[in-house]
Amino acid sequence: MPHPFRLYNTLSRQTEDFEPLRPGHVGLYVCGMTVYDHIHVGHARAMVVFDTFVRYLRHRDWEVTFVRNFTDVDDKIIRRAGEIGDDPVALAARYIAYFHRDVANLGLGMPDAEPRVSTSIDAIVELIEALVRRGYAYQSEGSVWFAVENFDGYGKLSGQKLDELRSAEEMPGKRHPADFALWKAAKPGEPTWPSPWGDGRPGWHIECSAMAKASLGDTIDIHGGGLDLVFPHHENEVAQSECGNGAHFARYWMHNGLLTMASGQKMGKSLGNVINVHDALDRFPAEALRLYYLQNHYRSPLPWGDEALPDALGMLARLYEAREVAESFGGEEDAERVVSDLGEDAATVWKLGNAFADRFHEALDTDFNTAAALAHLFELSRAINRLGNHKKAKKRAGSVVAPALTAFALCGKALGLMNQTSLAFDEEVKSKRLAALGVDPSRVDGLLEERTAARAAKDWARADAIREELDGLGVVVMDAADGVRWRVRLHD
RNA sequence: GGCGGCAUGGCCAAGUGGUAAGGCAGAGGACUGCAAAUCCUUUAUCCCCGGUUCGAAUCCGGGUGCCGCCUCCA
């Protein structure tokens with residue numbers, strides 16, 4: 001490897017060379033969803049980031065075991081179920097199904113395992129028993145608490161100090177305000193399981209420790225999740241796992257930044273400012289969302305606004321357009337010779353195309369910098385378009401452009417972008433955008449035919465009037481030498 | 001109050017020592033029956049003040065502002 005793979009590690013607050021426990025193999029655990037509602041575009045960022053990360057690691061020939069859990073037993077689920085008079089486990093199962101539908105529509109791959117709390121109770125109980133046995137947990141009134149004061153390392157991930165925590169909840173039976181529940185004694189109406197401490201259910205944090213251990217072992221390579229989980233959730237996972245297993249828990253902690261609103265606030269269910277993935281995908285192609293996420297570094301806050309998806313779709317259309325131009329070059333002459341005949345613009349495409357893979361990989365190998373990697377693709381696209389303006393080049397430069405086409409394919413494989421044919425992309429955009437604008441496609445077709453007839457008759461006034469009408473519908477007409485093309489306005 | 005992070009052109013944004021990628025928007029131009037797309041040109045005292053260095057957006061100190069977490073949250 002010409003350069004090491006580097007990752008920012010929340011634990012050390014530094015970018016480090018990544019070296020997995022077992023050479024060539026990566027064990028990755030990502031905190032998934034607590035399933036009591038539809039996922040919104042903020043959740044989707046985390047899903048897309050880690051899906052793409054796994055995709056890239058595999059592209060780079062790492063063998064990856066990717067585990068992403070569902071928390072399907074939890075206070076919020078129980079509360080929601082109570083509100084609508086439903087069974088908590090059934091409610092969670094329903095939202096797991098919605099989740100699977102949404103991530104499939106987003107174009108994400110499936111993790112290698114998707115453990116759930118409700119089917120991991122044995123592992124959870126076992127881990128709690130170990131914690132009790134080792135003196136890190138205590139029983140009180142049918143519940144079991146983790147004793148934070150018994151773990152010297154408490155706070156090492158988040159940098160929190162026990163005596164500086166603002167207002168950890170005082171609860172009867174807790175020794176220290178920051179102690180947290182491993183097992184909660186049964187209450188009427190809640191799902192319960194038997195345990196050595198009586199009937200009850202797991203606390204919030206223990207499931208991830210137990211499921212990570214069950215699927216990946218005591219020490220995992222990378223643990224991921226949203227930045228808002230660092231404290232207390234991940235801090236508590238560290239405590240549970242390291243005290244229960246007597247081993248270092250996660251070697252690298254990867255946290256994605258949150259979506260922020262124009263106001264600067266994050267998008268969150270509790271703030272009531274969410275956009276569901278389902279709704280976004282009705283109006284925009286999945287790849288537009290993907291590009292929107294990947295054009296920013298995964299650790300940065302990502303601003304959401306009305307322009308976010310239209311802008312991303314515009315960028316994506318630009319890339320598809322450039323790839324189409326690249327595909328339209330002909331000729332199989334020796335590339336070097338064509339370059340020397342055609343001059344600078346051809347030389348640029350040849351050079352950028354050939355250098356692409358190295359530059360692309362270098363960006364992604366440096367803390368997964370998708371923003372920088374994509375910038376290279378845009379640079380290449382401009383060079384292709386520039387060359388495409390020369391008629392001579394269109395006939396002869398096929399071999400010169402070949403490496404550029406490989407670059408687009410590479411981006412598809414490594415990042416999951418540009419994976420459709422131009423035709424499929426174009427049709428997806430048109431159908432989703434026309435639907436979003438409430439325009440009947442057959443009306444567009446009719447107007448286009450009428451306009452073509454008017455143009456054939458050189459009735460420019462009529463043609464322009466129809467263009468105006470189409471524009472009013474959100475349809476932009478583009479006359480080209482080889483026929484009429486059209487696009488739908490990207491904004492709602 | 002504590003912990004952590006961030007401040008780059010009109011907007012979004014990459015960039016951890018050698019005078020600033022990329023995208024969006026704006027202006028002018030080429031192309032076009034007119035347009036669109038595309039291309040060309042064009043916009044940066046890198047929050048402020050000190051310091052280290054031959055040299056800093058990049059390192060150190062101080063200040064200001066914003067965000068996240070400390071309660072559920074991807």
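Proteins come first, then strands; the chains are lettered A, B, ... in the order of their sequence lines, and each starts at number 1. All values reported here derive from a predicted model rather than from experimental measurement.
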Sugar-phosphate, base or nothing in reach of A/Gly155, heavy atoms under 4.0 Å: nothing
Heavy atoms under 4.0 Å, any strand shown: does A/Gly225 hit a base, just sugar-phosphate, or nothing?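 Sugar-phosphate, backbone atoms only, no base.
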Write down the distance separating the [atom1] atoms in [N] and [M], rounded off to the nearest Å.
N     : M     : atom1 : value
B/C12 : B/G29 : P     : 29 Å
B/C47 : B/A13 : P     : 14 Å
B/G15 : B/G9  : C1'   : 15 Å
B/C54 : B/U38 : C1'   : 46 Å
B/C48 : B/A7  : C1'   : 11 Å
B/C60 : B/U16 : P     : 14 Å

Please write out each protein N/O paired with an N/O of nucleotides 36-40 of chain B under 3.5 Å, distance rounded to 0.1 Å.
{"from": "B/A37", "atom 1": "O2'", "to": "A/Glu321", "atom 2": "OE2", "distance (Å)": "3.2"}
{"from": "B/U38", "atom 1": "O3'", "to": "A/Asn385", "atom 2": "ND2", "distance (Å)": "3.2"}
{"from": "B/C39", "atom 1": "OP1", "to": "A/Arg318", "atom 2": "NH2", "distance (Å)": "3.3"}
{"from": "B/C39", "atom 1": "OP1", "to": "A/Asn385", "atom 2": "ND2", "distance (Å)": "3.4"}
{"from": "B/C39", "atom 1": "OP2", "to": "A/Arg318", "atom 2": "NH1", "distance (Å)": "3.4"}
{"from": "B/C39", "atom 1": "O4'", "to": "A/Asn389", "atom 2": "ND2", "distance (Å)": "3.0"}
{"from": "B/C40", "atom 1": "OP1", "to": "A/Arg386", "atom 2": "NE", "distance (Å)": "2.9"}
{"from": "B/C40", "atom 1": "OP1", "to": "A/Arg386", "atom 2": "NH2", "distance (Å)": "2.8"}

Under the salt bridge (Lys or Arg N to Asp or Glu O under 4.0 Å) test, which residues partner A/Arg45, sequence neighbours left out?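 Checked A/Arg45 against salt bridge (Lys or Arg N to Asp or Glu O under 4.0 Å); zero matches.
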[X]: which residues meet the side chain to side chain contact (heavy atoms under 4.5 Å, CB included) condition with it, sequence neighbours left out?
X        : value
A/Arg175 : A/Tyr138, A/Asp179
A/Glu242 : A/Phe151, A/Lys156, A/Val238, A/His248, A/Phe249
A/Thr348 : A/Glu344, A/Leu352, A/Ala383, A/Arg386

Starting at [atom1] of [X] and ending at [atom2] of [N], how long is that distance when rounded to a whole Å?
X        : N     : atom1 : atom2 : answer
A/His205 : B/A74 : NE2   : P     : 13 Å
A/His233 : B/C72 : NE2   : P     : 11 Å
A/Asp179 : B/C70 : CG    : P     : 18 Å
A/Asn256 : B/C69 : CG    : P     : 13 Å
A/Phe180 : B/C72 : CZ    : C1'   : 16 Å
A/Tyr298 : B/G5  : OH    : C1'   : 13 Å
A/Asp471 : B/C34 : CG    : P     : 18 Å

Among [options], which is the nearest nucleotide to the side chain of [X]?
X        : options             : answer
A/Met315 : B/A21, B/G2, B/G23  : B/G23
A/Asp464 : B/A74, B/G23, B/G33 : B/G33
A/Ala46  : B/A74, B/G23, B/C34 : B/A74

Any residue in residues 95-116 of chain A with a heavy atom nearer than 4.0 angstrom to RNA chain B? Just list them by number, or reply none.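 Here the set is empty: none.
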The correct set of residues in residues 448-461 of chain A placing a heavy atom under 4.0 Å from RNA chain B is A/Arg451, A/Arg455, A/Trp460
Can you pull the ring pair (Phe, Tyr, Trp, His ring centres under 6.0 Å) pairs that have at least one residue in residues 366-395 of chain A, sequence neighbours excluded? A/Phe53-A/Phe368
Identify whether NZ of Lys or CZ of Arg in A/Arg6 sits under 6.0 Å from the centre of the six-membered ring of A/Phe18 and within 45° of that ring's axis.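 No, cation not above the ring by the 6.0 Å, 45° rule.
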What's touching nucleotides 57-61 of chain B from the protein side, N or O pairs under 3.5 Å?
none

Got a list of protein N/O to nucleotides 10-14 of chain B N/O distances below 3.5 Å?
{"from": "B/A14", "atom 1": "OP1", "to": "A/Ser300", "atom 2": "OG", "distance (Å)": "3.0"}
{"from": "B/A14", "atom 1": "O3'", "to": "A/Asn369", "atom 2": "ND2", "distance (Å)": "2.7"}

Among A/His223, A/Arg299, A/His234, exactly one meets side chain to side chain donor-acceptor pair (under 3.5 Å) together with A/His255. Which residue is that?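 Testing A/His255 for a side chain to side chain donor-acceptor pair (under 3.5 Å) against A/His223, A/Arg299, A/His234 leaves exactly one candidate, A/His234.
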Close side-chain approach of A/Asp86 and A/Arg94, heavy atoms under 4.5 Å: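 They are in side-chain contact.
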Is any side-chain heavy atom of A/Leu291 less than 4.5 Å from a side-chain heavy atom of A/Leu374?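 Sidechains of A/Leu374 and A/Leu291: in contact.
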By the salt bridge (Lys or Arg N to Asp or Glu O under 4.0 Å) test, which pairs, at least two apart or in different chains, include something from residues 104-118 of chain A? A/Arg58-A/Asp112, A/Arg68-A/Glu114
Hunt down the Watson-Crick or G-U wobble partner of B/U52, both distances under 3.5 Å, from any strand shown, or write none.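 Its partner: none found.
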Go ahead and name the base partner of B/C72; Watson-Crick or wobble counts if both distances stay under 3.5 Å, otherwise write none. none
Between N or O atoms, less than 3.5 Å apart, protein on one side and nucleotides 26-32 of chain B on the other: list the pairs.
none

Ignoring hydrogens and angles, state whether a donor on the side chain of A/Glu237 or A/Tyr29 is under 3.5 Å from an acceptor on the partner side chain.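 Side chains of A/Glu237 and A/Tyr29: no pair found under 3.5 Å.
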